[in-house]
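So you know, we letter chains A, B, ... as the sequences are listed, proteins then strands, and number each from 1.
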2 protein chains.
Amino acid sequence: MLSLETLSRETGESVREWAFRTILYNLVNLVLLPGAAVSENDVASALGISRTPVRETFIRLAQEGLLDVYPQKGTYVSLVDEQRVEEGRFMRLCLEGRTVELACEEFSSESMVALRANLQLQRLAISEKNASRFFALDEEFHRIIFATCGKERIWEAIRKMGSHFNRVRVLSLRATDWEKVFSQHERIASSIFEKKTGEARDAMNEHLTKVNYDLGRLRQEYPSYFKTEKGR
Amino acid sequence: MLSLETLSRETGESVREWAFRTILYNLVNLVLLPGAAVSENDVASALGISRTPVRETFIRLAQEGLLDVYPQKGTYVSLVDEQRVEEGRFMRLCLEGRTVELACEEFSSESMVALRANLQLQRLAISEKNASRFFALDEEFHRIIFATCGKERIWEAIRKMGSHFNRVRVLSLRATDWEKVFSQHERIASSIFEKKTGEARDAMNEHLTKVNYDLGRLRQEYPSYFKTEKGR
DNA sequence: GAAACGCACCTTGTATACTAGTATTCTTTA
DNA sequence: TAAAGAATACTAGTATACAAGGTGCGTTTC
């Protein structure tokens with residue numbers, strides 16, 4: 001019997017949206033482990049719904065690369081693909097470096113307020129040692145910058161590409177030096193506020209280049225979660 | 001009665017894959033015009049299949065931003081969103097500029113052969129005045145560069161973001177100076193072959209920056225295809 | 001004993017019936 | 001005549017039945 005963590009269903013939310021949120025949650029929080037078999041029927045009965053919304057969710061997640069569907073055979077949680085992780089790192093480095101330069105040229109005062117509020121909440125999350133909260137605020141920090149520059153879709157694309165890495169990143173959350181990340185965020189924000197283009201780009205690059213610090217270690221620790229060179 | 005252009009079904013291809021290719025074809029070739037209402041039932045009967053594969057295709061296309069689904073109301077072909085076009089231009093400029101630099105550092109001989117063959121075919125397409133063929137070869141030219149650098153997923157992301165613009169680009173195909181585009185391709189290729197990093201990047205930037213040359217004109221000519229500022 | 005066949009059970013793919021919400025249109029009523 | 005309301009004909013959302021291919025295990029047969 002398959003066991004999943006269920007999220008509460010929001011008002012006005014369709015069964016499919018709820019199923020999507022729920023299954024995604026179970027994927028990124030490693031309730032469903034990379035390589036595990038997941039059948040539409042099992043998930044449907046685990047969530048108490050029919051196959052249809054589950055299947056439609058599977059299609060979306062397969063398109064995003066989180067599930068591998070083999071027709072008439074089965075569906076499996078995708079293994080972490082290091083090539084994809086590298087593409088995500090490269091993509092983000094290119095785009096966010098340039099975007100933060102744009103942010104220095106024009107940044108609305110509303111967004112400044114939002115960014116400052118976000119930093120306050122980050123500090124709070126650190127003092128409460130709330131890892132998942134800090135993780136969410138980290139994401140939101142970067143999303144605000146993209147959104148202010150009218151580049152929200154690009155942030156979405158980056159986020160999707162990074163979904164593979166995010167799954168194993170949670171495994172090394174305690175090893176993360178939150179204070180360092182926080183101070184980097186502060187430096188990025190103040191550079192934007194003071195319109196110091198060069199410093200903002202440098203700060204962002206430094207912030208992003210140390211992303212794959214421990215990918216090798218994670219691979220050694222959890223080899224079954226990673227895709228082998230030649231593939232399945 | 002809805003009328004669609006149908007593609008031939010490949011061997012081993014599922015009904016859904018065929019439906020996806022077919023509907024996508026009708027979208028990018030403006031058989032289905034931006035703003036038009038498309039119901040699952042109509043498309044299903046037009047293709048002689050059931051709602052299920054059509055519906056699953058609609059979900060994919062909605063996720064890619066080519067369809068807007070309003071639950072219990074209807075589904076509409078998405079209007080061209082200029083903000084999205086701009087994001088696509090920015091995204092491509094950032095990523096392909098940097099990628100072509102990588103290509104100068106390392107480019108397999110197989111890919112060189114492929115690129116040269118592609119250029120030959122481009123010349124042929126021009127002499128035959130085959131617009132759609134040249135368009136496809138243009139896409140393939142850029143895909144080869146990304147793929148050789150191990151950045152095929154990034155090319156996919158760029159392509160998806162550009163789907164909005166591509167729909168109206170076909171309207172101005174005859175106005176395109178193919179010879180100029182071709183010579184730019186040649187310059188990019190030779191820069192890569194000769195490992196002239198700076199020149200390759202400059203050539204690529206010049207090639208990409210003149211993308212939105214006539215977006216304003218297209219909007220004037222086909223205003224109903226474009227999204228208004230405030231949205232629907 | 002080993003290999004080949006066949007059946008039972010699994011998977012996803014497709015079709016269809018039904019649900020529930022929305023828009024339109026026609027009817028009724030003031 | 002105009003406005004309100006009910007019936008009807010749509011829409012997408014969900015559930016379910018069936019189809020078709022895949023895997024593995026057990027039996028049968030050589």
Base-contact (B) and sugar-phosphate-only (S) positions in nucleotides 12-23 of chain D, heavy-atom cut-off under 4.0 Å, - elsewhere: BBBBBB--BBSS
Is B:E56 salt-bridged to A:R55, cutoff N-O under 4.0 Å? yes
Salt bridge or not for B:E13 and B:R21, using N-O below 4.0 Å? yes
Hey, are the side chains of A:L27 and A:V77 touching, using non-hydrogen atoms and a 4.5 Å cut-off? yes
Do B:H185 and B:N118 get their side chains close enough for a donor-acceptor pair, meaning under 3.5 Å? no
How long is the line joining CG of A:D68 and C1' of C:dT11, in whole Å? 15 Å
Spacing between B:F20 atom CZ and C:dG13 atom P, to the nearest angstrom: 15 Å
Mark yes or no for whether B:N130, through its side chain, and B:I126, through its backbone, hold a donor-acceptor pair below 3.5 Å. no
